[in-house]
There are 2 protein chains.
Amino acid sequence: LPLVAEIRTDDYVGFTFFVGCMAMMAASVFFFLSMNNFDKKWRTSILVSGLITFIAAVHYWYMRDYWAANEASPTFFRYVDWILTVPLMCVEFYLILKVAGAKKSLMWKLIFLSVIMLITGYLGEAVYQDQAAIWGLISGIAYFVIVYEIWLGSAKKLAVQAGGYVLQAHKTLCWFVLVGWAIYPIGYMAGTPGWYEGIFDGLSMDVIYNIGDAVNKIGFGLVIYNLAVNIAAKKE
Amino acid sequence: LPLVAEIRTDDYVGFTFFVGCMAMMAASVFFFLSMNNFDKKWRTSILVSGLITFIAAVHYWYMRDYWAANEASPTFFRYVDWILTVPLMCVEFYLILKVAGAKKSLMWKLIFLSVIMLITGYLGEAVYQDQAAIWGLISGIAYFVIVYEIWLGSAKKLAVQAGGYVLQAHKTLCWFVLVGWAIYPIGYMAGTPGWYEGIFDGLSMDVIYNIGDAVNKIGFGLVIYNLAVNIAAKKE
Ligand SMILES: CC1=C(/C=C/C(C)=C/C=C/C(C)=C/C=O)C(C)(C)CCC1
Ligand SMILES: CC1=C(/C=C/C(C)=C/C=C/C(C)=C/C=O)C(C)(C)CCC1
């Protein structure tokens, strides 16, 4: 076994694991080292952005080697990653809405929904594969409740109350959840049996997941970074 | 031997080692990077919270690979971890009670008790297994003296004197010690021979230890973080 894995020139999955890993590391350093440039109020948000990419960086390091060693999808590690980072993204929603008086209960509601979404998704994808469709449905319902909560529910109301840059950032994050996160159920359908079989044949789901992760994790963090920059600029 | 270990989808021990390791790493970064947001008085406490999770992260990294390679309980490494982190938790009690004039002697007393508890526990679990019950008893007595000291003894008095948020945090930490730490003697009884044999059969002790460690170490740290947040908010 070599000390480092070789990557074939046409191994796009290996390539995206490698680039993804590097991008997550760089993003983490960026968020960690710039957090102290901002008001205390924003530091925790930027720190959490950094934690999300840091957790991903460690998992991508592992998944990169896993792919190189086994050429198999590291489904397990993806879910470990998500079960830690998706709840942290819910924390981000809470943190930016705190200015408008968001309560911890909103945070816990979102966290709870995201944990349900991921656990039922894992059960369908890795444990009870012959019942993938029904587990996916439950997972999808939890996902839609999250979408509802932030687009139209109490989170939306708080964002409107906060107004200005916070409302703007909230809206962008809502689009991330609606469009960026929708990549994941597509991956699920491509990788499990069910009535949807065949629709997504031939897609390399690892490449799509890797691009999705980079967009969702780094993008999410940059929206929050940008919010802090805008508010700091207004103050000066 | 593969570059990275594969984890079976139903290997819950491996799973909790992996998630535990990641969670400890993320928590360490969180504590280390947020310590400077607080008054000097609280920085050491938060730094120590970070040290506790950092020490655990390194041990979990090792234990994760140990489990993957041998599928055996890494008892030895658990005790190495505890002998470093449990005394640091005793330091935390002292640090938050310093505002009420806690003396170093309180800290040394708690540290001494925790070292007795862990050394006798190790002797029973790994060295003199045929006398596990008696070593467990000695260890348990030391544990109960710690519980007494913080719930009803001099530490309690200091917490009452300090009042407010400090008293509140002290109480939460006391519950951690009484309920969260009680997980460990249960693991001991499940893993060693004695009159208690059979009561805890069939429990996967590594899973329980791993959940316990995450709750006790990260939770403990967050209580102290939260205390610093509350006091900073009151000052503003
Ligand atoms: C709806 C649905 C799913 C949703 C997964 C999502 C939404 C994951 C989000 C991950 C993120 C945002 C990761 C980090 O950046 C599953 C579990 C695939 C199962 C099928 C149904
Ligand atoms: C009472 C007792 C024990 C107690 C262990 C404890 C209380 C360990 C605490 C560890 C912590 C808090 C770790 C880090 O978070 C032993 C040694 C199992 C031996 C049997 C009797």
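Lettering of chains follows the sequences in order, A, B, ..., and the numbering in each one begins at 1. No hydrogens, no waters, no symmetry mates; every other heavy atom, side chains included, goes into these values.
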Other residues, nucleotides, ligands: >12 heavy atoms within 6.0 Å of B/F54 CZ: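 Count not over threshold, so no.
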Under 6.0 Å from the CH2 atom of A/W61, do we count more than 12 heavy atoms belonging to anything else shown?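 Open: at most 12 neighbouring heavy atoms sit under 6.0 Å from CH2 of A/W61.
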Separation of [Y] [atom2] from [X] [atom1] (nearest 0.5 Å):
{"X": "A/F77", "Y": "B/F18", "atom1": "CZ", "atom2": "CZ", "value": "5.0 Å"}
{"X": "B/R64", "Y": "A/Y62", "atom1": "CZ", "atom2": "OH", "value": "4.5 Å"}
{"X": "A/I83", "Y": "B/M22", "atom1": "CD1", "atom2": "CE", "value": "14.0 Å"}

For A/I55, is it the side chain, the backbone, both or neither that has a heavy atom under 4.5 Å from a heavy atom of chain B?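 Interface part for A/I55: both.
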Engaged part of A/N36 at the chain B interface, taking heavy atoms whose separation is under 4.5 Å: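 It is the side chain, since no backbone atom gets that close.
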Residues in residues 104-119 of chain A near chain B [non-hydrogen atoms, under 4.5 Å]: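 Residues qualifying by a heavy atom under 4.5 Å from chain B are absent, so none.
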Could you name the residues of residues 24-33 of chain A that have a heavy atom within less than 4.5 Å of a heavy atom in chain B?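 Counting heavy atoms that sit under 4.5 Å from chain B, the residues of residues 24-33 of chain A involved are A/F32.
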Please report the C-alpha distance between A/L47 and B/S34 in whole Å, then the side-chain angles of each, then the deciding distance to 0.1 Å, and finally whether the side chain to side chain contact (heavy atoms under 4.5 Å, CB included) criterion is met. CA-CA 8 Å; A/L47 176 54; B/S34 55; 3.8 Å; yes
For A/K40 and B/N37, which heavy atoms make the closest approach, and how far apart are they?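 Here A/K40 and B/N37 meet closest at CE-O, 3.0 Å.
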